[in-house]
Amino acid sequence: MHPDPHDTAVRVRAATRADLAAIAALHTGARAAHHRARHPHAPFDAPAEHARRRDAWARVLDCDDTPALCAERRGTVLGAATYVPHAATAPGDPRGTDRLRTTVELHQLHVDPAHWGTGVGRALHTACLHAWHTAGYVRAVLHVQWHNRRARAFYARLGRRPDPGRRPAPDATHLTLTLELSPRPHPAPQRPPAAR
């Protein structure tokens, strides 16, 4: 069955080992496109860089504790994301024996540069939000490179703000962004049908 050439919808699904080559390629390409503007002669898309991305994503896809998603359009993988939970000590448990998972970190979100601005990144972020709400997380964080204005603007449009509890150092290379996850509203109870 061939993909419908008129279908432009972005579909997000769980990433698998079969997606490894595509994810490594788009991550390498996205990183190279971002850095090339500042360092035009640096080989960010060299084979060694691609091998590093491939090894890193292979570890993610082999780890059950690190969910990974990919976004595709017409059967082609165009973006990928992964996130990790952060455990916090429960109140009244100073030894930390009872760990609560209330915060989640968006560890990676990358889109093929040829598809920047086409809704792929937003679809991935929306799918992550759905998973986080379902899992009961109350806060999401991420670390973005300070000079990556495109990414910072993208996340600002999605409601992320600099973490007020983590002021960047004067020589910081990254900025921590946070998003409070409001609880999902419970459906209103159904009224019983009126007696006839």
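Between Thr82 and Trp57 the shortest side-chain heavy-atom distance falls below 4.5 Å. Between Phe154 and Asn148, the closest side-chain pair of non-hydrogen atoms is not below 4.5 Å. Residues His147 and Thr173 form no side-chain contact, since every pair of their non-hydrogen atoms from C-beta on lies 4.5 Å or further apart. Side-chain contact check for Thr103 versus Pro85: every heavy-atom pair is 4.5 Å or farther apart. A 4.5 Å side-chain heavy-atom check between Thr28 and Arg54 finds every atom pair outside the cut-off. Two residues are said to be in side-chain contact when any heavy atoms from C-beta on lie closer than 4.5 Å; Ile23 and Leu20 fail this criterion.
Asp19 places a side-chain N or O within 3.5 Å of a backbone atom of Thr16 that can act as its donor or acceptor partner.
In terms of the salt bridge (charged side-chain N to carboxylate O under 4.0 Å, His left out) criterion, residue partners of Arg53 (sequence neighbours excluded) are, by chain and number, Glu49. Evaluation of the salt bridge (charged side-chain N to carboxylate O under 4.0 Å, His left out) rule for Arg59 yields no partner, not counting sequence neighbours. Shown here are the side chain to side chain contact (heavy atoms under 4.5 Å, CB included) partners of Arg152, two or more places apart in sequence or in another chain: Val144, Trp146, Leu175. Partners of Glu72 by salt bridge (charged side-chain N to carboxylate O under 4.0 Å, His left out), not counting sequence neighbours, listed by chain and number: Arg13.
With 3.5 Å as the limit, one finds a donor-acceptor pair spanning the side chains of Arg160 and His125.
Contact between Tyr83 and Val104 at its shortest, heavy atoms only, is CD1-CG2, 3.6 Å. Nearest approach of Ala81 to Cys128, heavy atoms of both residues: CB-SG, 4.2 Å. Considering every non-hydrogen atom in both Ala127 and Leu69, the closest pair reads CB-CD1, 4.0 Å. Minimum heavy-atom separation, Leu26 to Ala80: CD1-N, 4.3 Å.
Few gaps surround NE2 on His143; more than 12 heavy atoms of other groups in view lie less than 6.0 Å from it.
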**OP:** List the steps, then state whether side chain to side chain contact (heavy atoms under 4.5 Å, CB included) holds for Leu179 with Leu129.
**Re:** CA-CA 10 Å; Leu179 179 67; Leu129 284 176; 3.7 Å; yes
Original post:
What do the steps show when you test Leu124 against His110 for side chain to side chain contact (heavy atoms under 4.5 Å, CB included), and what is the final call?
Top reply: CA-CA 9 Å; Leu124 278 167; His110 303 285; over 6 Å; no
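Expressed to the nearest 0.5 Å, how far OH of Tyr155 lies from CG of Leu177 amounts to 8.5 Å. Between the CG atom in Leu109 and the NE2 atom in His27 there is a gap of 10.5 Å [rounded to 0.5 Å]. Note: Glu105 CD to Leu142 CG = 7.5 Å, rounded to the nearest 0.5 Å.
Linking ILVMFWY side-chain heavy atoms closer than 4.5 Å, directly or via other members, places Leu61 and Val12 in two distinct hydrophobic clusters. Leu158 and Val138 fall into different hydrophobic clusters, where Ile, Leu, Val, Met, Phe, Trp and Tyr side chains are chained together by heavy-atom contacts under 4.5 Å. Hydrophobic clustering (side-chain heavy atoms under 4.5 Å, transitive across Ile, Leu, Val, Met, Phe, Trp, Tyr) groups Val77 together with Val60.
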Report all side-chain donor-acceptor pairs from residues 111-121 shorter than 3.5 Å, counting only partners two or more places apart or in another chain.
{"residue": "Asp112", "atom": "OD1", "partner": "Ala114", "partner atom": "N", "Å": "2.9"}
{"residue": "Trp116", "atom": "NE1", "partner": "Val111", "partner atom": "O", "Å": "2.9"}
{"residue": "Thr118", "atom": "OG1", "partner": "His115", "partner atom": "O", "Å": "2.7"}

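The list of salt bridge (Lys or Arg N to Asp or Glu O under 4.0 Å) pairs with a residue in residues 120-147, not counting sequence neighbours, reads Arg139-Asp163, Arg139-Glu180.
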